[in-house]
There are 2 protein chains.
Amino acid sequence: MEPVCGLDVALRYIGGKWKPVLLFHLQFSPRRFGELKRLSGGISEKVLIQQLKDLTADGIVLRHDYREVPPRVEYEITDFGRTLARALQPLCEWGNANREYARAAERHDNESR
Amino acid sequence: MEPVCGLDVALRYIGGKWKPVLLFHLQFSPRRFGELKRLSGGISEKVLIQQLKDLTADGIVLRHDYREVPPRVEYEITDFGRTLARALQPLCEWGNANREYARAAERHDNESR
DNA sequence: CAGCATCCTGGGCGATACTG
DNA sequence: CAGTATCGCCCAGGATGCTG
């Protein structure tokens, strides 16, 4: 089962449900744990830490533990991660351009049930 | 929980495990059912037809049934679908550019277990 | 060849409670 | 605040067999 296009590779990195969104938020500035939780809207702590670990292990983000009390940890995108975030950009724009269209389709879908 | 970036919208369309890859193949020419199955490498028929239905319902692809016997059905990308495929392009290229890197990381990962 | 009907399983995801 | 520890659901995805 040899690869077809680069998508299979990319999907290994951003496969998780929240990873693309996390990456999006991280590309602007480093974020703290709670900040990411708030920004992502609805992610559980367990899943958040899980996905952040994946991203860290994959060299997409860096974890900075300031060893303070109360705890303060920041997650920062790496240069490598930034290239991935850039590749995600068009998809993000596509979504924005089609947000209303998607809503309309959903409404139509609901009506036809 | 209002939307953050366009990614959430895009993910509703290409959320399925195989959809990005299917879209990739369809962007070049219409494909028959069996052809897609072969090209995608490893997808089951049930899942394939399922994802194709999703894509059809979302206006991403068109289904042409030639009503022949033996059956002949072709799936063709729509103009709308093409815009999505284009938005996927950079991600695809990113994957190609990082294929070897990903392999190396995987090897290193295996060694360290 | 294209596709439906079934049954089944894993693990991704979520909710909650607790700790340093 | 930033996690860890459990528990459990649920369904996307897979395997197999059958039909027009």
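Bear in mind the structure is a predicted one, so any value in this text is a computation, not a measurement.
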Whole angstrom is fine here: how far is it from [atom1] in [X] over to [atom2] in [N]?
X       : N      : atom1 : atom2 : value
B/Asp65 : D/dG20 : CG    : P     : 16 Å
B/Asp54 : D/dG13 : CG    : C1'   : 13 Å
B/Ile43 : D/dA15 : CD1   : C1'   : 14 Å
A/Leu48 : D/dT4  : CG    : P     : 11 Å
B/Phe33 : C/dC4  : CZ    : C1'   : 10 Å

Could you please name the option among D/dG3, C/dG14, C/dA2 that lies closest to any side-chain atom of A/Trp18?
C/dG14
Looking only at the side chain of B/Lys17 (C-beta and beyond, no hydrogens), which of the listed nucleotides D/dG13, C/dC13, D/dG20 gets closest?
D/dG13
Go nucleotide by nucleotide along DNA chain C from the 5' end; which of A/Glu45 and A/Gly16 gets its closest nucleotide reached first?
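The residue closer to the strand's 5' end, by nearest nucleotide, is A/Gly16.
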Within the pair [X] and [N], is there a side-chain N or O less than 4.0 Å away from OP1 or OP2?
X       : N      : answer
A/Gln51 : C/dG12 : no
B/Gln50 : C/dG3  : no
A/Arg67 : D/dA2  : no
A/Lys37 : D/dA2  : no
A/Arg32 : D/dA2  : yes

Is there a chain of hydrophobic side chains (I, L, V, M, F, W, Y, each step under 4.5 Å between heavy atoms) that links A/Val47 to A/Phe33?
yes
Using the rule that Ile, Leu, Val, Met, Phe, Trp and Tyr join whenever any side-chain heavy atoms are under 4.5 Å apart, tell me whether B/Leu23 and B/Leu48 fall into a single cluster.
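Same cluster.
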Students often get this wrong, so: under 4.0 angstrom with heavy atoms, is A/Lys53 touching a base, only sugar-phosphate, or nothing?
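Sugar-phosphate, backbone atoms only, no base.
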Categorize B/Tyr75 for me: base, sugar-phosphate, or nothing, with a 4.0 angstrom heavy-atom threshold over every strand shown.
sugar-phosphate
Validation row: B/Leu84, A/Leu91 side chains within 4.5 angstrom (heavy atoms):
yes
Is A/Lys46 side chain donor-acceptor paired with the C/dG14 base, going by distance under 3.5 Å alone?
yes
